Amino acid sequence: MNHYLFKSEPSDYSIDDLKKDKQAMWDGIRNYQARNFMRDDMRVGDQILFYHSNHKPPHIAGLAKVASEPYPDPTQFDKNSKYYDPKSTPENPRWMLVDVAFVKKAKRILTLAEVKADPILEGIKLAQKGQRLSIQPVSEAHFEYIETLIG
DNA sequence: GCCAACGTTGGC
DNA sequence: GCCAACGTTGGC
């Protein structure tokens, strides 16, 4: 069982959207490191912290889980999509994704400032300077601790 | 809106 | 294969 943090801009796709949809295709990831996590490491049932970026304040908004095996991101083949990638082919797809399912909303959100201030969360990638990766691994200890904080 | 940090692209 | 230029992310 692995643990991750997924970033999303709530104006684009929020935890409430996921709650409404119950499950969603995590499309549009165009970063190789983030893709590699989905393609190589994720299994159904892996747990996810759902993070709201570009929001005041940025915060962890709830929990989700991996709900599918990895498969090719269909938007890479769609000429009308902003995620279209002309260099990718169905025979040799460049971008893979997983489905994500809603688990629960935080009873109490955990802000980035709180994450950074908590000595127990020392070393978490989210708090590291210049950390832009939209999918990051989280240690089991950190995940479980955050789970208790957000209720 | 600014800008630091980073990733990608493409000329050489 | 180097690296300058450019684009993006995302906190502040």
Side-chain angles (χ1 to χ4, degrees), chain A residues 2-21 24-42 46-66 70-139 141-143 145-151:
Chain A
N2 292 317
H3 304 80
Y4 299 94
L5 179 141
F6 279 41
K7 293 183 187 175
S8 185
E9 300 191 17
S11 59
D12 190 41
Y13 196 80
S14 72
I15 188 83
D16 288 319
D17 294 323
L18 184 60
K19 184 178 184 181
K20 177 162 53 71
D21 295 341
M25 198 169 64
W26 206 256
D27 60 11
I29 300 296
R30 295 294 181 267
N31 171 283
Y32 289 106
Q33 268 182 279
R35 178 208 62 186
N36 291 348
F37 286 128
M38 293 199 285
R39 186 191 63 186
D40 303 335
D41 298 338
M42 290 194 195
D46 281 354
Q47 295 181 283
I48 297 166
L49 299 171
F50 197 107
Y51 179 79
H52 282 167
S53 62
N54 259 323
H55 188 265
K56 289 181 182 175
H59 62 275
I60 293 169
L63 303 179
K65 63 183 178 183
V66 175
Y71 61 97
D73 181 342
T75 64
Q76 70 195 305
F77 308 124
D78 179 0
K79 282 198 171 68
N80 297 317
S81 170
K82 65 174 174 175
Y83 300 123
Y84 176 64
D85 184 346
K87 292 176 184 166
S88 187
T89 62
E91 295 74 32
N92 190 17
R94 182 183 280 200
W95 305 110
M96 303 292 281
L97 54 68
V98 296
D99 289 347
V100 167
F102 177 78
V103 173
K104 65 174 174 179
K105 275 188 76 169
K107 288 195 181 71
R108 188 193 164 285
I109 65 166
L110 186 67
T111 67
L112 178 60
E114 289 170 322
V115 169
K116 286 180 172 173
D118 192 331
I120 296 174
L121 294 174
E122 193 177 352
I124 193 168
K125 282 203 163 44
L126 181 66
Q128 286 168 12
K129 194 179 179 185
Q131 184 51 261
R132 300 185 311 168
L133 200 56
S134 62
I135 293 177
Q136 319 176 346
V138 176
S139 75
H142 283 165
F143 185 94
Y145 175 65
I146 290 170
E147 203 174 7
T148 64
L149 291 181
I150 66 179

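Chain identifiers are assigned alphabetically (A, B, ...) following the order of the sequence lines, protein sequences preceding nucleic acid strands; residue numbering begins at 1 within each chain. Predicted, not measured: the structure shown is a model, and the values here were computed from it.
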Problem - Partners meeting ring pair (Phe, Tyr, Trp, His ring centres under 6.0 Å) with His59(A) (sequence neighbours left out) - result: His52(A), His55(A)
Practice task
Look at all strands and tell whether Glu9(A) reaches a base, only sugar-phosphate, or nothing, counting heavy atoms closer than 4.0 Å.
Solution key: nothing
Fill in the blank from the handout: Per salt bridge (Lys or Arg N to Asp or Glu O under 4.0 Å), Asp85(A) is matched among Arg94(A), Arg35(A), Lys79(A) by Arg94(A)
Practice task
Taking heavy atoms of chain A and a 4.0 Å limit, find me the 5'-most and 3'-most nucleotide of DNA chain B within that range.
Solution key: dA5(B) to dT8(B)
Handout entry: Given DNA chain B, 5'-ward residue of the pair Lys56(A) and Gln131(A), judged by closest heavy atom
Key = Lys56(A)
Handout entry: Upstream residue (5' side of DNA chain B) when Arg30(A) and Lys129(A) are each assigned their closest nucleotide
Key = Lys129(A)
Exercise for the section: List for me each residue that meets salt bridge (Lys or Arg N to Asp or Glu O under 4.0 Å) alongside Arg30(A), sequence neighbours excluded, and say none if there are none. Expected result: Asp73(A)
Practice task
Show the numbers, then the answer: is there a ring pair (Phe, Tyr, Trp, His ring centres under 6.0 Å) between Trp95(A) and Tyr32(A)?
Solution key: CA-CA 8 Å; Trp95(A) 305 110; Tyr32(A) 289 106; 4.8 Å; yes
Problem - Exam field: side chain Gln131(A) to backbone Gln128(A), donor-acceptor pair closer than 3.5 Å - result: no
